[in-house]
Amino acid sequence: MIRNVIFDFGAVMFEWNPLQIVNSFTVSQREREILLRDVLQHPDWLSLDRGTMLIAEVIPKFSARTQISPQRIEDFIIHIQLSLTKIHQTETLFHKLTHHPYSLYYLTNMSSAFFDTLYEKHHFISFFDGGLVSGKELVMKPEQEIFMRLCERYQLMPQESLFIDDNSENIKIASTLGFNTVQFDQTQTCFHQIEKQLLRY
């Protein structure tokens with residue numbers, strides 16, 4: 001029996017499309033390629049998500065690597081945060097679940113600064129019963145430790161929990177740990193699949 005529902009944030013609760021993010025930031029094809037490869041897909045970005053580096057530390061590193069000015073990199077990081085808009089259908093699902101006897105949690109790979117910005121901006125996040133942010137925990141998906149830490153902190157049983165994430169590697173690890181899982185995509189089929197499991201009564 002499912003008692004807990006755990007949501008990823010990027011590409012589940014909030015839009016996360018790196019290609020779209022760079023394309024909406026600049027018309028320069030060269031700059032788009034550099035920002036995608038040397039910022040969003042660079043290991044330093046993972047360090048930001050893990051919480052082992054801060055935004056103030058990565059800006060000069062990204063700037064030196066890309067030969068793009070620190071101010072321009074800072075503007076890009078602000079643009080990324082503004083691009084994290086709500087996926088309204090997921091928010092609607094979340095609000096429906098608050099009327100059912102589920103405990104609702106989040107488990108997201110995200111820098112502390114990004115999460116804090118989202119928390120201030122989107123009131124509904126305060127309705128979650130709890131959750132973990134990689135940037136605050138210094139550990140991230142798909143590492144098993146972050147899943148186990150979520151269970152320990154909130155006394156969750158994986159077998160009683162449904163984990164919703166867009167990333168196949170995260171889903172795979174969660175499944176091996178005993179979680180019920182749904183690999184998310186923004187399709188009606190996926191929303192129906194989730195609702196069928198959770199809103200049967």
Side-chain angles (χ1 to χ4, degrees), residues 1-16 43 45-55 81 84 86-87 89-186 190-191 193-200:
M1 184 180 173
I2 304 291
R3 299 179 190 277
N4 316 298
V5 185
I6 304 156
F7 288 90
D8 175 33
F9 268 9
V12 176
M13 297 292 314
F14 296 93
E15 297 286 357
W16 176 254
W45 189 264
L46 291 182
S47 298
L48 199 59
D49 277 353
R50 188 183 286 280
T52 50
M53 289 180 72
L54 302 173
I55 289 176
Q81 295 191 54
L84 291 167
K86 285 188 294 189
I87 296 173
Q89 199 167 354
T90 315
E91 187 192 13
T92 301
L93 169 67
F94 173 80
H95 284 303
K96 281 183 188 173
L97 294 176
T98 62
H99 299 294
H100 290 260
Y102 295 114
S103 296
L104 304 172
Y105 301 93
Y106 50 82
L107 186 63
T108 181
N109 285 352
M110 187 177 286
S111 76
S112 295
F114 275 35
F115 177 81
D116 292 344
T117 300
L118 284 179
Y119 194 90
E120 285 169 26
K121 197 172 169 183
H122 300 290
H123 182 57
F124 79 90
I125 298 175
S126 63
F127 294 129
F128 279 93
D129 294 288
L132 299 186
V133 180
S134 62
K136 296 178 190 288
E137 301 295 326
L138 310 183
V139 62
M140 63 197 295
K141 300 177 291 185
E143 293 156 20
Q144 290 191 12
E145 188 184 339
I146 197 165
F147 291 95
M148 301 318 295
R149 197 177 292 184
L150 181 77
C151 291
E152 286 161 18
R153 193 163 299 173
Y154 298 103
Q155 285 82 55
L156 308 183
M157 296 285 289
Q159 295 79 3
E160 296 178 346
S161 307
L162 179 67
F163 174 62
I164 303 168
D165 197 299
D166 65 302
N167 182 290
S168 59
E169 198 58 35
N170 298 342
I171 290 292
K172 191 171 140 192
I173 295 298
S175 297
T176 64
L177 293 171
F179 288 87
N180 300 277
T181 60
V182 170
Q183 186 169 348
F184 183 84
D185 57 50
Q186 279 192 65
C190 184
F191 282 106
Q193 183 190 352
I194 296 167
E195 292 196 1
K196 196 175 169 186
Q197 285 193 63
L198 299 177
L199 301 176
R200 285 177 296 198

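Every heavy atom of this structure was used, including side-chain atoms; hydrogens, water molecules and symmetry mates were not.
- No more than 12 heavy atoms of other residues, nucleotides or ligands shown are found within 6.0 angstrom of NZ on Lys172.
- Here CZ of Phe179 is found 10.5 Å from CG of Leu162. Values are rounded to the nearest 0.5 Å.
- In this structure, Arg149 contributes its side chain and Glu137 its backbone to a donor-acceptor pair below 3.5 Å.
- Ser112 places a side-chain N or O within 3.5 Å of a backbone atom of Gly135 that can act as its donor or acceptor partner.
- Between Phe94 and Phe127, a ring centre-to-centre spacing not shorter than 6.0 Å is recorded.
- Residues His100 and Ile2 are not in side-chain contact: their nearest non-hydrogen atoms beyond the backbone lie 4.5 Å or more apart.
- Between Val182 and Cys190, the closest heavy-atom pair is CG1-SG, 4.0 Å.
- Smallest separation of non-hydrogen atoms from Leu84 and Phe114: CD1-CD2, 3.9 Å.
- Asn4 contributes atom CG, which lies 4.5 Å from atom CG of Leu156 (distance to the nearest 0.5 angstrom).
- A pairwise comparison of heavy atoms in Tyr119 and Ser126 identifies OH-CB, 3.5 Å as the closest pair.
- Between Phe184 and Ile194 the shortest side-chain heavy-atom distance falls below 4.5 Å.
- Atom CD of Gln186 and atom OG1 of Thr90 lie 6.0 Å apart (nearest 0.5 Å).
- Counting only distance, with no hydrogens or angles, the side chain of Ser134 and the backbone of Val139 share no donor-acceptor pair below 3.5 Å.
- In terms of heavy-atom proximity, Leu48 sits nearest to Ile55 at CD1-N, 3.5 Å.
- Looking only at side-chain heavy atoms (C-beta outward), Thr108 and Met13 stay at 4.5 Å or farther from each other.
- Separating the CG atom in Leu198 from the OH atom in Tyr102 is a distance of 4.5 Å, to the nearest 0.5 Å.
- Using a 4.5 Å heavy-atom cutoff, the side chains of Phe163 and Leu177 are not in contact.
- When side chains are defined from C-beta on, Phe124 does not count as touching Thr98, because their heavy atoms never get closer than 4.5 Å.
- Looking at heavy atoms from C-beta onward, Phe115 lies in side-chain contact with Ile125 at the 4.5 angstrom threshold.
- The CG atom of Asn109 lies 5.5 Å from the CG atom of Asp49; values are rounded to the nearest 0.5 Å.
- Put simply, the side chain of Asp166 never gets that close to the backbone of Gln183: no donor and acceptor are under 3.5 Å apart.
- Within the 4.5 Å cutoff, no side-chain heavy atoms of Tyr154 are placed close to those of Asp129.
- Contact detail for Phe147 and Asn170: the closest heavy-atom pair is CZ-O, 3.8 Å.
- The shortest distance between side-chain heavy atoms of His99 and Lys96 does not fall below 4.5 Å.
- Atom-to-atom distance recorded for Asp8:CG and Ile164:CD1 is 10.0 Å, nearest 0.5 angstrom.
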Chi angles and distances behind the side-chain contact (heavy atoms from CB on, under 4.5 Å) call for Lys141, Ile173 | CA-CA 9 Å; Lys141 300 177 291 185; Ile173 295 298; over 6 Å; no

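- Looking only at distances, no side-chain donor or acceptor of Ser47 sits under 3.5 Å from a matching main-chain atom of Met53.
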